[in-house]
Amino acid sequence: MTKTANLSLKALSKRFGETMAVRDLSLDIPASSYVVLLGPSGSGKTTLLSMLGGFTAPTSGQIFLDDDDITLMQPAQRPTATVFQDYALFPHLSVGDNVAFGLSVRKVAKAEAARRVAEALDMVGLKGFEKRKISEASGGQRQRIALARALVIDPAILLLDEPLGALDLNLRRQMQDELRALQKRERRTFVHVTHDQEEAMAIADTIVIMKDGVIEDAGPPQDVYSHPRSRFSAQFMGESNILDADISEGMAETALGRFPVVGKGTAAVAIRPENFTVTPGEGAVSLGMAALEEVVFQGSFVRLSARIGNVEIRLRVPPADISGSGQQVEVFLKRGGAAALQS
Ligand code: ATP
C-alpha cells in the first residue's frame with residue numbers, strides 16, 4: 001500500500017438496535033490530510049472511526065481507499081492503525097516490545113522489526129527508549145509510545161480516538177503541535193476524534209462537525225468558524241450571537257437593524273463576539289447604543305455583556321477600547337462580521 005491514499009466514505013450507516021449511530025454519511029478525505037471529527041457525546045464519532053479501523057462493520061455503505069473497497073477488510077489487513085484514548089499499552093512489556101507488537105503480529109523478522117521500532121520511537125521524540133518500562137513513562141511519553149506503536153506498521157491512515165483526552169492542558173497543547181508537525185512531516189492521513197473545538201481548530205486541515213450520526217458542517221477550521229452552516233455549528237465552534245433574520249440579496253433584517261451578511265444561508269445570522277467593535281473601522285455598521293451589563297477583564301481582551309434595545313449581546317474587545325467609557329457605548333458590526341446560516 002502506498003503511504004498516500006484517498007479515503008472515500010459512501011453512504012455509511014451503523015445501527016445498534018434502535019440507535020442509528022451513523023446515518024447515510026458520505027465524505028471524501030484527500031490523501032495526506034489531517035481531518036478532525038468533532039461533535040458532542042453520542043454524535044457517532046467513535047463509531048465512524050471504528051468503521052474506518054475495521055473494528056465495527058457498517059450496517060450499510062462502503063469505504064474505499066483509492067479504488068479498493070476496504071469496507072469488510074479485517075483491521076490487521078487494512079492500511080490503518082488506531083491510537084486509542086486509553087493507549088491500551090501492555091504494562092508488563094517494555095517500550096520497545098509495545099511498539100513492536102504490530103510487527104510481531106505481522107511476522108516481521110527480528111532485525112527488521114528492531115530497526116523499525118527505533119525509527120518509530122525517533123519519530124515521536126523517544127529515541128533510545130526501547131528498554132524502558134511502561135510504568136516509568138509519563139503521561140505524555142505514554143501518548144508518544146502509543147503513537148509510535150501505530151506508526152511502526154507504516155499505516156496510510158492513522159486513526160486517533162481522543163488521543164489527548166488523558167493529558168493536562170499544557171501537555172495537551174504541546175502534543176497538538178507535535179501531532180500536527182508529525183502529520184505534515186510524514187504526509188499520512190490522520191483522522192482524529194475529539195470534542196474539544198480548540199483542539200480541532202489548532203490541528204485540522206478539515207473539521208467535520210457531527211451531530212446525531214450525520215455531518216452537520218465540514219471545511220477548513222477558518223471557514224467553519226467564520227461561516228458556520230447552522231446554528232448548531234456556530235454554537236459548537238465557540239461563542240456566537242445568533243439572531244433571527246430575514247435575509248435577501250446579502251442583507252439581513254434583524255432585531256439589531258439591517259446589515260450585510262456573508263454566505264448563502266437564509267435562516268438566521270451568527271456574529272462572533274470579536275466581530276462587534278466599539279471603535280468603528282472601515283465598513284463597520286453602527287448597531288446603536290448598548291448598555292453594558294457585565295465587563296470581565298481576561299488579559300488580552302475584555303468580555304462584555306451588553307443590551308441593545310431588548311437584545312442581549314456578547315462582545316470581545318481590546319481592553320484599551322473601553323477604558324474610561326461609561327455604562328453606554330456605541331456598538332458596531334465589523335465589515336464581513338455576520339454570517340448567514342442555512343439552518
Ligand atoms: P463520545 O464523544 O461520548 O465518545 P461519540 O460521538 O463517539 O461519543 P459514539 O460512541 O459513536 O458517539 O455513539 C453514537 C451512538 O451510538 C450513541 O447513541 C451510543 O449510545 C450508540 N452506541 C455506540 N456504540 C454502541 C454499541 N456497541 N451498542 C449500542 N449502542 C452503541
Side-chain angles (χ1 to χ4, degrees), residues 7-27 29 34-63 70-75 78 80-89 139 142-143 146-147 150 157-169 171-173 175-176 179 189-219 221 224-225 228-238 343:
L7 193 57
S8 182
L9 321 184
K10 297 198 189 298
L12 215 51
S13 292
K14 179 65 190 180
R15 174 191 291 279
F16 294 108
E18 294 294 289
T19 307
M20 284 300 280
V22 171
R23 58 179 88 208
D24 202 19
L25 186 148
S26 295
L27 177 68
I29 299 178
Y34 203 135
V35 175
V36 173
L37 305 179
L38 178 68
S41 187
S43 56
K45 309 177 298 290
T46 299
T47 303
L48 180 57
L49 200 75
S50 178
M51 289 194 281
L52 296 181
F55 301 104
T56 297
T59 307
S60 58
Q62 288 168 299
I63 304 171
I70 62 164
T71 316
L72 298 175
M73 197 182 269
Q74 287 304 306
R78 55 178 79 194
T80 55
T82 302
V83 177
F84 297 98
Q85 176 165 14
D86 61 2
Y87 313 149
L89 297 171
R142 283 173 203 223
Q143 213 289 327
L147 256 179
I157 296 163
L158 192 64
L159 306 170
L160 304 120
D161 193 1
E162 294 265 1
L164 310 180
L167 306 179
D168 67 40
L169 195 63
L171 192 52
R172 210 179 156 110
R173 297 285 172 253
M175 288 303 302
Q176 286 166 7
L179 275 177
T189 301
F190 281 27
V191 184
H192 174 135
V193 164
T194 183
H195 53 250
D196 176 349
Q197 58 273 34
E198 282 186 26
E199 180 166 307
M201 281 194 270
I203 55 181
D205 294 318
T206 301
I207 293 181
V208 174
I209 299 185
M210 292 186 65
K211 182 187 170 211
D212 299 334
V214 301
I215 294 176
E216 177 75 14
D217 205 350
V224 177
Y225 183 79
R229 202 188 66 78
S230 64
R231 286 177 170 86
F232 177 86
S233 168
Q235 283 167 327
F236 199 74
M237 285 289 282
S343 63

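Note that ligands are numbered from 1 as they come in the structure, with each ligand's atoms numbered from 1 the same way.
- When side chains are defined from C-beta on, V224 counts as touching I209, because their heavy atoms get closer than 4.5 Å.
- Looking at ligand 1, you won't find any N or O of E162 less than 3.5 Å from one of its N or O atoms.
- Ranking protein heavy atoms by distance to atom 12 (O) of ligand 1, first place goes to G44 N, 3.2 Å.
- For the pair T80 and L52, the minimum side-chain heavy-atom distance is 4.5 Å or more.
- Protein heavy atoms all stay at least 4.0 Å away from atom 19 (C) of ligand 1.
- Counting heavy atoms from C-beta on, the side chains of F55 and T82 come closer than 4.5 Å.
- Counting atoms of ligand 1 from 1 in the listed order, those under 4.0 Å from a heavy atom of S43 are 5 (P), 6 (O), 12 (O).
- Near A21, with a cut-off below 4.0 Å to any heavy atom, the atoms of ligand 1 are 14 (C), 15 (C), 16 (O).
- In this structure, the protein non-hydrogen atom closest to atom 3 (O) of ligand 1 is S41 OG, 2.6 Å.
- What you find for A146 and Y87 is that their closest heavy atoms are CB-CB, 3.8 Å.
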Could you walk me through whether L179 and L147 satisfy the side-chain contact (heavy atoms from CB on, under 4.5 Å) test, starting with their C-alpha distance in whole Å, then the side-chain angles of each, then the deciding distance to 0.1 Å, before giving a yes or no? CA-CA 9 Å; L179 275 177; L147 256 179; 3.6 Å; yes

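- Across Q176 and A202, no two heavy atoms sit closer than the pair OE1-CB, 3.8 Å.
- Of the protein's non-hydrogen atoms, T46 OG1, 3.5 Å is the one closest to atom 4 (O) of ligand 1.
- Here the closest heavy-atom approach between residue V22 and residue L12 is recorded as CG1-O, 3.4 Å.
- Q143 is not listed as a side-chain neighbour of L171, based on a closest heavy-atom distance of 4.5 Å or more.
- In terms of polar-atom proximity, defined here as any N/O pair under 3.5 Å, F16 makes no such contact with ligand 1.
- Where the criterion is an N or O separation shorter than 3.5 Å, residue side chain and backbone included, H195 fails it with respect to ligand 1.
- Contact check for S41 versus H195: no side-chain heavy atoms found under the 4.5 Å cut-off.
- At a 4.0 Å cut-off, not a single heavy atom of G39 sits close enough to ligand 1 to count as contact.
- Residue contacts with ligand 1 include P40, since one of its heavy atoms falls under 4.0 Å from the ligand.
- The nearest heavy-atom contact from the protein to atom 14 (C) of ligand 1 is G42 O, 3.5 Å.
- The option from Q85, K45, R15 that lies nearest to atom 2 (O) of ligand 1, judged by heavy atoms, is K45.
- In terms of protein heavy atoms, atom 13 (O) of ligand 1 is closest to T47 OG1, 3.8 Å.
- A salt bridge does not link K45 to E162: none of the charged side-chain nitrogens sits closer than 4.0 Å to a carboxylate oxygen.
- At a heavy-atom distance under 4.0 Å, only side-chain atoms of T19, from C-beta outward, approach ligand 1.
- Within the 4.0 angstrom cut-off, atom 9 (P) of ligand 1 has one or more protein heavy-atom neighbours.
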